[in-house]
Protein chains: 2
Amino acid sequence: MRGKQRYYCKSCDFHFTITEASTPTETRRHHEVTIMDIANQLGISKSTVSRALRGHADIHEATRKMILDLAQQLDYQPNPLANALLKRRTNIVGILVPEFRHYFFPTFIMGAQEVLSKAGYNVMICQSDESYETEVANVKALLRSRVDGLLVSITAKTENFDHFRAVMQKEVPLVFFNRVCPELDTPQVIIDDYSGALQAVEHLIEQGYRRIAHLAGPVTLQVSRLRLQGYIDALQKHQLPLDQDLIVYHDLTEEHARICTRQLLDMPQPPDAIFAVNDPCAIEIMLIAKQRGIKIPQDLGIVGFSNDPISAIIEPSLTTVEQPVWKIGEESARLLLEQMERPKVEKRMLATRLIARDSSLRGKS
Amino acid sequence: MRGKQRYYCKSCDFHFTITEASTPTETRRHHEVTIMDIANQLGISKSTVSRALRGHADIHEATRKMILDLAQQLDYQPNPLANALLKRRTNIVGILVPEFRHYFFPTFIMGAQEVLSKAGYNVMICQSDESYETEVANVKALLRSRVDGLLVSITAKTENFDHFRAVMQKEVPLVFFNRVCPELDTPQVIIDDYSGALQAVEHLIEQGYRRIAHLAGPVTLQVSRLRLQGYIDALQKHQLPLDQDLIVYHDLTEEHARICTRQLLDMPQPPDAIFAVNDPCAIEIMLIAKQRGIKIPQDLGIVGFSNDPISAIIEPSLTTVEQPVWKIGEESARLLLEQMERPKVEKRMLATRLIARDSSLRGKS
DNA sequence: ACCCGTTTCGAGAAGCTTCCCGATAGTTTT
DNA sequence: AAAACTATCGGGAAGCTTCTCGAAACGGGT
């Protein structure tokens with residue numbers, strides 16, 4: 001191989017540097033085999049090994065082969081930590097969701113993960129658990145972990161967005177999905193909530209329901225507001241009166257959904273149909289109605305939103321608005337990847353589609 | 001490829017070297033504020049800053065305060081990459097599950113994550129998607145990411161365990177849960193599948209069912225084998241004949257569950273009850289039975305396993321064996337944490353409990 | 001022989017921390 | 001007043017990689 005000692009010349013006169021034996025007697029028990037192990041064992045420098053492994057030019061074919069062979073034999077695995085430290089990128093994407101009990105978020109994650117892992121990214125998942133404080137803490141933790149990008153669906157309680165402004169200020173690519181943040185100008189992937197809600201309520205009207213209630217979500221969430229607006233506009237379009245008492249807001253917990261349902265059903269003039277902001281709470285409505293012996297869809301029509309798998313299974317089957325969850329995941333991931341290439345604020349909206357099932361089909365009446 | 005311009009110095013007089021202005025004038029725009037920024041700004045050494053931040057002794061109170069104040073003001077966040085590189089620990093735990101579509105694994109993850117994040121660990125989640133190759137690739141990726149520990153539930157197809165042997169050889173703490181690996185002597189958290197199955201089938205017998213089938217899982221999984229054994233022993237205990245035709249094995253997909261169900265129901269002498277290896281496939285059975293107009297529980301008793309939330313909602317409600325999923329997550333995480341303290345092989349088993357519901361309650365007959 | 005260009009490789013820094021060890025001060029003890 | 005401590009702090013290495021700069025060897029041309 002090439003010599004190892006070299007002279008130095010700052011402003012002349014070369015003082016050579018005698019690299020004495022650095023006691024490479026035994027292999028120095030490593031936890032993991034490093035590039036230096038290969039270099040030492042082959043009597044060459046780590047630079048050369050790195051170059052060979054990186055597939056650089058400027059290296060003799062024989063040397064390259066030797067290095068590659070030994071690397072394989074030792075099962076050398078490059079250390080991503082060292083790499084991340086140097087390159088300032090971890091190849092990790094953070095995903096922050098409010099929960100993962102129901103169908104939506106796990107499915108979203110599967111879709112996103114498929115795209116991301118194909119692009120060479122690992123994923124770090126956090127749940128805010130619908131707590132604003134946890135959300136802030138999670139964002140901080142993900143930032144501290146130096147994630148290369150962030151996929152976020154906010155909490156129903158999030159009203160202050162400074163933690164996301166901090167993300168943007170650090171220029172960490174950020175994509176919101178589903179529960180987005182209207183006052184921040186960031187890329188996002190949403191579905192057409194308004195039109196979905198409009199379809200849902202028009203469907204109820206077509207089926208002859210006239211006193212239609214809406215079990216809404218928290219007003220803090222844009223999704224809730226849009227679905228509410230769809231509800232309102234559908235009534236207006238068909239010249240039905242808008243009764244504020246028929247709109248109840250709940251905090252997306254099952255418990256509160258039950259309370260609100262009872263409130264609606266206990267009215268002096270109870271509604272003859274309920275449009276629920278999502279399927280889990282539509283199902284709570286259905287359970288209570290069944291428990292009370294209310295006939296669905298004859299006495300009460302029910303429509304949900306999101307098409308959770310359980311909606312097709314429950315009896316009567318639940319009419320709902322389909323949203324392409326898996327695709328939302330894929331799209332969000334793709335948008336994030338594009339974002340990491342070159343920043344540009346882009347908002348994508350996916351279509352929704354009504355799936356009419358038994359819970360609202362009573363024919364014309 | 002080669003560098004651009006360099007000086008020449010054979011025996012002095014340096015031919016020019018055009019190292020262009022590296023502009024270290026202002027603070028050298030950092031992506032993140034480091035310990036060195038604090039040190040420079042305060043005119044002290046990074047060692048001192050580190051000590052102050054680490055809360056070491058050996059530091060003047062005034063200095064410490066000065067450092068802490070500036071750190072707060074600059075919003076200094078220690079770089080975990082550098083730390084991990086130095087300490088050889090990332091504070092990340094890997095979780096590897098076969099899927100995330102159903103109730104079990106997401107809930108498990110929530111339980112585990114609660115314990116782990118309280119202990120200061122982040123979590124990296126991978127899905128093998130029931131593919132052996134993906135599982136191997138995921139284990140490798142997690143190992144490469146230098147996770148400090150691993151929580152694993154294997155694929156139904158995993159029959160070669162070399163990738164886990166590699167984990168053990170590298171002395172990375174490893175805890176299996178639910179779908180464990182019998183031929184490896186590792187810590188694990190399981191539930192009492194055998195006794196759960198025994199209870200389930202005895203319950204069917206008590207309800208007067210006599211020709212009880214078992215829709216089993218893949219024999220490769222210990223869970224399946226134990227539940228099968230519980231089924232067999234329950235029959236034996238009550239002197240019922242064991243008919244091999246009444247045992248069908250499926251691969252845990254919904255599609256295959258339907259095929260196997262039809263096979264059972266199409267028999268010349270169909271069963272009067274089916275014990276399913278888990279709830280998702282029990283529900284497939286129920287759907288087909290309902291579709292065919294078979295009365296549940298009169299003509300066909302059904303019992304599942306795992307108590308997914310949907311089991312209480314479907315009609316008729318599904319009798320099932322409850323397993324404390326959340327607790328399995330917590331226990332597994334705790335066991336892993338203990339493992340990281342000091343290795344010892346410990347196996348924990350959590351109790352199961354039968355929940356009798358409508359799908360099997362027809363009274364004595 | 002000498003010079004030059006080409007090919008192949010080595011040294012070293014950077015990226016950010018922590019920790020060991022040694023070095024200054026300042027303070028107390030004989 | 002000299003010696004011995006103590007309280008604080010700084011230097012530098014290590015952890016692993018990549019990349020830049022420049023050096024060594026070799027071949028060919030004159």
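Chain naming here is simple, since letters A, B, ... match the order of the sequence lines and numbering starts at 1 in each. Values reported hereafter were calculated over all heavy atoms of this structure, with side chains retained and with hydrogens, waters and symmetry mates removed.
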Between [N] atom [atom2] and [X] atom [atom1], what is the distance in whole Å?
X        : N      : atom1 : atom2 : answer
A:Leu85  : C:dG15 : CG    : P     : 9 Å
B:Lys87  : C:dT17 : NZ    : C1'   : 8 Å
A:Asp37  : D:dC16 : CG    : P     : 8 Å
B:Ile38  : C:dT17 : CD1   : C1'   : 12 Å
A:Leu42  : C:dG10 : CG    : C1'   : 15 Å
B:Arg88  : C:dC19 : CZ    : P     : 14 Å
B:Asn40  : D:dG10 : CG    : C1'   : 13 Å
B:Arg144 : D:dC16 : CZ    : P     : 17 Å

Requested in this report: Assign B:Leu81 to base, sugar-phosphate, or nothing according to its heavy-atom contacts below 4.0 angstrom with the strands shown.
Outcome: nothing
State, without any angle test, whether [X] and [Y] hold a side-chain donor-acceptor pair at a distance under 3.5 Å.
X        : Y        : value
B:Thr155 : B:Ser128 : yes
A:Ser45  : A:Thr48  : yes
B:Gln73  : B:Asp75  : no

According to a strict under-4.0 Å criterion, is A:Thr48 in side-chain N/O contact with OP1 or OP2 of C:dC9? no
| message | OP1 or OP2 of D:dT17 versus the side-chain N and O atoms of A:Tyr76: is any pair under 4.0 Å? | response | yes
- Please tell me if the side chains of B:Arg88 and A:Glu32 come closer than 4.5 Å, counting only heavy atoms from C-beta onward. no
Does some side-chain heavy atom of A:Met124 sit less than 4.5 Å from a side-chain heavy atom of A:Val93?
no
**OP:** Look only at the side chain of B:Asp129 and the backbone of B:Ser131, and say whether a donor-acceptor pair between them is shorter than 3.5 Å.
**Re:** no
Report yes if a donor N or O on one partner sits less than 3.5 Å from an acceptor N or O on the other, where the partners are the side chain of [X] and the base of [N]; otherwise report no.
X       : N      : value
B:Thr34 : C:dG15 : no
B:Lys46 : D:dG11 : no
A:Ser47 : C:dA11 : yes

B:Ser45 has its side chain closest, among D:dC16, C:dT18, D:dG11, to D:dG11
Per the under-4.0 Å heavy-atom filter, residues of residues 49-69 of chain B near DNA chain D come out as B:Arg51, B:Asp58, B:Ile59, B:His60, B:Thr63
(Q) So that I can tick it off, tell me whether A:Lys157 and A:Glu133 are bridged by a salt bridge, with the cut-off set at under 4.0 angstrom between side-chain N and carboxylate O. (A) no
